[in-house]
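Start at 1 and go down the list; that is how both ligands and their atoms are numbered.
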Amino acid sequence: MNKRPYIVCHMLTSLDGRIAGDFLETERTSFFSKKYEEIHQQYECKAWICGRVTMEKHFTFGHRLELGDENIPAIPRTDYVADRAADAYAIAVDPSGKLGWTQNYIAEDDDRYGHHIVEVLTEQVADAYLAHLKNLGISYIFGGKTDLNFTVVAEKLKRLFSIDKLLLEGGGKINSSFLNEGLIDEISLVLIPVIDGAADALTLFEANASPRKINPVDFDFKSVENLGDGGLWIKYVQKP
Ligand SMILES: NC(=O)c1ccc[n+]([C@@H]2O[C@H](COP(=O)([O-])OP(=O)(O)OC[C@H]3O[C@@H](n4cnc5c(N)ncnc54)[C@H](OP(=O)(O)O)[C@@H]3O)[C@@H](O)[C@H]2O)c1
């Protein structure tokens, strides 16, 4: 039996592989963003995972917590499962505990409303942040002492939350980290017929994440679907 979930990297990109930029703000793109969300639902995964920057941009909106360190007893660095039987999980890769959650579920998004939050941390996180998560009833797991090991994280997600299928939904840095560890089984791309071309726009896989990728990863074509208005939904699976 597989020790980790089947992992699908589901992303929306321009023709030049950009995942952020002005093209995301246009009316034309909003049609494809809806398609992206519909496909997310279609996968029927009970969990999705994003990097800290993406979570901040779309869900906590940069909110920072004011947590004093005084009178906080040391909290052991052991995983904390607040809800083992949630209908859906929103998993945030937040190594040092920066995300300013104010409740233990996604509240800012109609499609993902109510999804239980799970924080992925390193042991460097402050006790005050752990106390805050526990107070709110947010689950957390540790992925390493100072650096994250996503194989360990994926196995814990399966073991502790019974997650069999996981949607990896960016940004580029976390995608790259999963790719480096050979953890991407399938790629699901919503390809928008637009070229952004900005010099500094993020791409699907940002190789500056650590550790750097060493070998190319091969994928096989699985399917393609016309989404209308020139957009495509393309799926690839990792070559065995
Ligand atoms: N088009 C799409 O489908 C799509 C989907 C998702 C996101 N996006 C866009 O992508 C952009 C964000 O992408 P991004 O690449 O800058 O950020 P990201 O992957 O969302 O988050 C990066 C952060 O996550 C943590 N992290 C990720 N990998 C890590 C690792 N291996 N070890 C330790 N920490 C790790 C770090 O947090 P700390 O900095 O706290 O250490 C890191 O700075 C946003 O503009 C968002 O809107 C687009």
Side-chain angles (χ1 to χ4, degrees), residues 7-26 28-40 43 48-65 90-101 108-109 111-112 118-126 129 140-154 166-184 187-192 194 196 198 200-213 227 231-234:
I7 300 174
V8 181
C9 180
H10 177 50
M11 297 290 290
L12 179 144
T13 80
S14 63
L15 286 182
D16 51 344
R18 311 297 173 135
I19 60 164
D22 293 344
F23 75 98
L24 289 172
E25 311 306 326
T26 67
R28 191 180 189 201
T29 298
S30 71
F31 165 78
F32 293 109
S33 298
K34 281 195 199 98
K35 292 281 180 196
Y36 174 89
E37 202 55 39
E38 283 168 22
I39 293 166
H40 170 108
Y43 267 106
W48 49 280
I49 186 166
C50 289
R52 193 264 307 164
V53 175
T54 300
M55 285 297 192
E56 201 156 78
K57 187 167 172 193
H58 298 283
F59 302 104
T60 62
F61 309 111
H63 176 62
R64 288 279 182 245
L65 301 165
I91 299 154
V93 176
D94 183 20
S96 55
K98 291 179 186 154
L99 288 169
W101 300 114
E108 306 77 4
D109 185 287
D111 294 306
R112 304 187 186 196
V118 179
E119 277 263 325
V120 175
L121 302 162
T122 66
E123 293 181 23
Q124 305 306 305
V125 63
Y129 192 72
Y140 56 77
I141 58 174
F142 292 94
K145 272 193 191 323
T146 53
D147 297 320
L148 292 173
N149 179 321
F150 288 101
T151 306
V152 167
V153 169
L166 175 67
L167 284 178
L168 166 63
E169 298 193 292
K173 293 197 182 71
I174 188 181
N175 288 351
S176 184
S177 304
F178 271 68
L179 188 76
N180 284 333
E181 291 189 42
L183 291 171
I184 299 181
I187 305 262
S188 161
L189 282 188
V190 171
L191 193 64
I192 312 182
V194 61
D196 188 278
D200 55 351
L202 287 167
T203 60
L204 201 48
F205 294 94
E206 285 294 323
N208 58 350
S210 168
R212 297 181 78 87
K213 187 181 71 57
L227 295 173
L232 297 175
W233 176 27
I234 310 178

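- By heavy-atom distance, the residue among T122, V53, L202 lying nearest atom 17 (O) of ligand 1 is V53.
- Taking distance alone, with nitrogen or oxygen atoms compared against 3.5 Å, H58 approaches ligand 1 more closely than that limit.
- A distance-only check finds a donor-acceptor pair linking the side chain of R64 to the backbone of K98 [under 3.5 Å].
- Within ligand 1, the atoms closer than 4.0 Å to a non-hydrogen atom of S177 are 28 (N), 29 (C), 30 (C), 31 (N), numbered from 1 in the order shown.
- For ligand 1, the polar-atom distance check against L12 finds a nitrogen or oxygen pair separated by under 3.5 Å.
- The distance criterion of under 3.5 Å between nitrogen or oxygen atoms is not met by M11 with respect to ligand 1.
- An N or O contact shorter than 3.5 Å links G172 to ligand 1 by distance.
- When atom types are taken as modelled, the side chain of R18 and the backbone of T13 share no donor-acceptor pair closer than 3.5 angstrom.
- Side-chain contact between H63 and W101: absent, with no pair of heavy atoms (C-beta onward) separated by less than 4.5 Å.
- The heavy atom nearest to atom 8 (N) of ligand 1, considering only L148, V153, N175, I19, is found in I19.
- Remark: among candidates T13, I174, L24, the nearest residue to atom 19 (O) of ligand 1 is I174, based on non-hydrogen atoms.
- Between atom 45 (O) of ligand 1 and the options R18, Q124, K57, the minimum heavy-atom separation is to K57.
- Every atom of ligand 1 with a heavy atom of V93 under 4.0 Å away is listed here by number and element: 24 (O), 25 (C), 26 (N).
- In terms of N/O distances under 3.5 Å, ligand 1 is not approached by S96.
- Within the 4.0 Å heavy-atom shell around ligand 1 one does not find C50.
- Using a 4.5 Å heavy-atom cutoff, the side chains of L148 and S177 are not in contact.
- Using a 4.5 Å heavy-atom cutoff, the side chains of L99 and Y129 are in contact.
- Against a heavy-atom cut-off of under 4.0 Å, A20 is close to the following atoms of ligand 1: 45 (O).
- Side-chain contact between F205 and I19: absent, with no pair of heavy atoms (C-beta onward) separated by less than 4.5 Å.
- Each of the atoms 5 (C), 6 (C) of ligand 1 lies under 4.0 Å from some heavy atom of E169.
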